[in-house]
Every structure is written in structure tokens, then in C-alpha cells.
Amino acid sequence: MSVAFQQCIHPDCAATYDVGQILTACPKCGSLLDVTYDWNAVPVPKSLSEFERRWTTRLNPVDYSGVWRFRELLPFATDEQIVTIGEGQTILQKNDKLARQCDMKVGHLFLQYEGMNPSGSFKDNGMTAASTHARMVGAKMTACASTGNTSASLAIYAGVTGHFQCIVFVGSGKIAFGKLSQALDYGAKTIQIRGDFDDALARVRDICAKHPIYLCNSVNPFRLEGQKTIMLRVLEGLGWQVPDWIVVPGGNLGNSSSFGKAFMELKALGLIDRVPRLAIINASGADTLDEFVNDGKLVWNGGRPNADQICGRYTTMDRDNERASTLASAIEINRPVNLEKALRALSVCNGIVRKVSDQEIIDSRARIAATGFGCEPASGATIAGVLRLRKEGVIHADDRVVCILTGHQLKDPDLTMAYHSGDPQLMSKKLTPAGVTSTPFANPPVVVDNDEVAILKALGLA
Ligand SMILES: *Cc1c(COP(=O)(O)O)cnc(C)c1O
Ligand SMILES: [Zn+2]
């Protein structure tokens, strides 16, 4: 028996399954699955700083990977089975300019810039792990539904490694061109259905259940194992000290769930002495978690959250055909598949949930980008959340705060241009329908004749 197994997260079931099985829910009760480990049988370092020795062995791809250099903390594969393309070369960056804007002490606000991954979003952290598992079980065909970045990520792993083919399902209309063009470029079979992300995911889950196709959405418990390492790199960037806050946008809640699992395990292993608080930020047009937690007082409750409450809400959502709607397309999701795990993360990390408007998201995105960290709209929700939580006094000026910048700026240049251009047509087409009525951080291009005097005038030099 391997040291790793899959386990149902429901405490009344807790059934276990071999890592060799392809599952995205517990066959007995339908709950989500974790990958769990017999830690006594794993050579876990005594201190997180021991991982630093891998920095000197960068010619080994498994040591070079920002995910797999922590492989003793996600030990479900052998080194030979690991599928890596050099993901996770991301670093924690102090940002004093934003700290001042958020009325925080300088030196206390950090950005974990995950846009630096091979496909331009944090998704690669998870996809390297799912791809590894797909290879372990001999999958020939993989699939995912996507608001864009999951498909770009799966497509790059399929394209670079050649271990399997991939099919991606996307909704109509809303997908950012930067992301869709990646899937097409990397050669993914791309199915664009008439519907939104929630529809696409329901469809691909059904198809994967009926056919030998390996599902790579974040219901895949192996993906979340890879995403745990984002938190390890945050700790690494802080000299292995635990920050006070992790702030992350919430869509399908895979990231927040994996962060909670990472801290739960690190604490249990004695590798950290406390856990940070977690702030999950929804867009107000896709605020299911916020509604459940803040209005409905839904809690993890030791693994027994109120199932009737969840079910009841989804029934009315279906009845009224309520659809998610936000410019932050990566988090435009109404039925977060990892809801229960995110509730667990909130419980482990004494977490909170907030929602922010598209105006706040888009303005915050521009403010982040103006400090040199280009990110896509969903990532802007982090600073929008910090601004909000500073006003509320929940985050203190001298707390140490880490914002997860989930995706790269070039994923969605259309929106960036609509914001900066000052072109009323672009504005009214892209921004006004979402309630964005002003662009206070716009930096429009100055249009002048190709004439020295005119140019000098525009520059204030004549
Ligand atoms: C997928 C994605 C998110 C949402 O993450 P979840 O784990 O689904 O909550 C946020 N931002 C970007 C850029 C993403 O690609
Ligand atoms: Zn179960």
C-alpha cells in the first residue's frame, strides 16, 4: 500500500480509496475527496528550511519546480512519474506603494505573483499534479471545463509533455481572448457550448463519468495538492514565517481550499506554530460563498455543514435561472464546486469572506498594475478586499498581508484597454453594463500629429 490514499471529507463516511483510482467524488456518499497521507511513512523534513537545499540542484527538473521541490508534502507520486514544465517559479514581492494606498505600514503588504507561471496563471500549480496523476493511471484523454485559465493550463501540459490529449469545454461569450487563444494555440480540442461556466462544468463532469476521460477541474483532489505549494512559497518568501493574512479571490474555491489544507497539514506536522487568517474575496456578481457565509451563517461544523441550506439555495438558483455576472471572468461562478472544502479552510484559518463590486475590482487591478504587477481582473479582487477590510478595521495597519495575484495581465488586454483608452465606445460596450462608470486610474494614450512641436507640447516641454 502506498503512503497516499484518497479519502472522503465527510466525517460520517471517511471512506478511503487507492491513489490509483480515478475519482472526483466519494462513490459511497458523493462528498468531495482529499488526498491524504500516512505521514509516519513519509520522510518529511524536520524544518521547512530543509527544502532550501533543493535551490542548489536546479538542473534536476523535479527540484527546480516550485511545486515538486516540496514533494515530501504531496507525496503521491515517484520522481519518475512527475510531469513538470518548470511551474511555480513565482516569488513573493513586497509592495510599499500599495501598502501606503491601503493605509498599511510599509513592508507589510506582499504580492504573490502567480501570473509568472508557464501558462500565466496559478492553475499550473495544480495542473502539474493532476497531469502527474493522469500519467500514473495511464489516462490517454483529459478534459476540463474552464472560464479560461484551467483550459490554458491543461492545454499547455498536454501540448508540452505529449502524455495525453485534451479537450476543453468553455462557455459562450465571456471567455477572455488571451485565455481562449492559448487553448487553441496549444492544440486543445476546444468545445464552446452555448451556456456559461457552470453549465460547461456540469456537462464535462457527466461526459467524464460516462467515458474514459480524465477530469482536470478542481474537483480533482490531486490538483489541489499542487496548489498547496503556493502557500509554501509564500512562507519561503517570508523566511518561513507565517503572515497574518492570506487574501485570495474566490471562484470555484479550489485555491482557498488547498491553502486551508496546506496550513492544516503543516500545523499538524509541527512545521508551523500558527496559521494565518484567510480572506476569500468574491465578486458581487458571483457571491454565492459570501451569501452562504455572511447572510446564511453557513459553517463547516466539523464536516457537517447544513446540507439542506446549500441544496435549497441551489434549487432556487436553478428555478430562477440566476447566473453569475462579473467582469472578473475567472471568478464568474455561481456554484463553487469546492464549497465544503472552502468552509473547512475558513474554519482552519479563522477566515472571512467579502464581496467587492466590479468597479472596485477593476480600479484595484489598475492600481496593482501601476506598481508593475500586471494581473487580470480577478486578481484585482485581492487589493479591493484589503481596502475594504482596512476600512472595516479587520485588517490592521501592521498586520502582514499576502495577496495572491492569480493570473497575468495579458490574459485580458481588452478590458485593460477599455479601462485606459478613454474611448467612450469601448467603455459603454465593456464597462458600463457591469456598473463601472468611472476610470479614476486610467492612463490614456495621448494622440498627436507626428510633429515635433506638437509632441513637445504634449510632453509639456514647449
Ligand atoms: C481560476 C482562477 C481564480 C479562481 O480560483 P478558484 O480556485 O477557482 O477559486 C481566480 N483568478 C484566476 C486568474 C483564476 O484563473
Ligand atoms: Zn463518502
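Reckoned from all heavy atoms, side chains included, excluding hydrogens, waters and symmetry mates. Numbering of ligands and ligand atoms starts at 1, following listing order.
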Considering heavy atoms of the protein only, find what lies nearest to [atom] and give residue, atom and distance to 0.1 Å.
{"atom": "atom 8 (O) of ligand 1", "result": "N252 N, 2.8 Å"}
{"atom": "atom 14 (C) of ligand 1", "result": "K123 NZ, 2.9 Å"}
{"atom": "atom 12 (C) of ligand 1", "result": "T406 OG1, 3.3 Å"}

Residues forming a salt bridge (Lys or Arg N to Asp or Glu O under 4.0 Å) with D399, sequence neighbours excluded: none
Could you tell me which atoms of ligand 1, counted from 1 in the order shown, lie closer than 4.0 angstrom to a heavy atom of [X]?
{"X": "G250", "result": "9 (O)"}
{"X": "N255", "result": "7 (O)"}
{"X": "A378", "result": "11 (N)"}
{"X": "G254", "result": "6 (P), 7 (O), 9 (O)"}
{"X": "G407", "result": "13 (C)"}

Does ligand 1 come near enough to [X] that some N or O of the ligand is less than 3.5 Å from an N or O of the residue?
{"X": "S121", "answer": "no"}
{"X": "S256", "answer": "no"}
{"X": "N149", "answer": "yes"}
{"X": "Q227", "answer": "no"}
{"X": "L253", "answer": "yes"}
{"X": "F122", "answer": "no"}

Ligand 1 contact on E376 by region, counting heavy-atom pairs under 4.0 Å: side chain
Residue part near ligand 1, for T150, under 4.0 Å between non-hydrogen atoms: neither
side-chain hydrogen bond (donor to acceptor under 3.5 Å, both in side chains) partner of R335, the single match among T288, D198, D318, N252: D318
Short N/O/S contact of C8 with the Zn ion (ligand 2) (below 2.8 Å): yes
Salt-bridge test for [X] and [Y]: reply yes if a basic N is under 4.0 Å from a carboxylate O, no otherwise.
{"X": "R277", "Y": "D244", "value": "no"}
{"X": "E87", "Y": "K123", "value": "no"}
{"X": "E392", "Y": "R388", "value": "no"}
{"X": "R344", "Y": "D34", "value": "yes"}
{"X": "D96", "Y": "K94", "value": "yes"}
{"X": "R69", "Y": "E236", "value": "yes"}
{"X": "K210", "Y": "D206", "value": "yes"}

Geometric class of the Y214/H133 ring pair [parallel <30°, tilted 30-60°, perpendicular >60°]: tilted
Residue pair E376 / N149, side-chain donor-acceptor N/O under 3.5 Å: yes
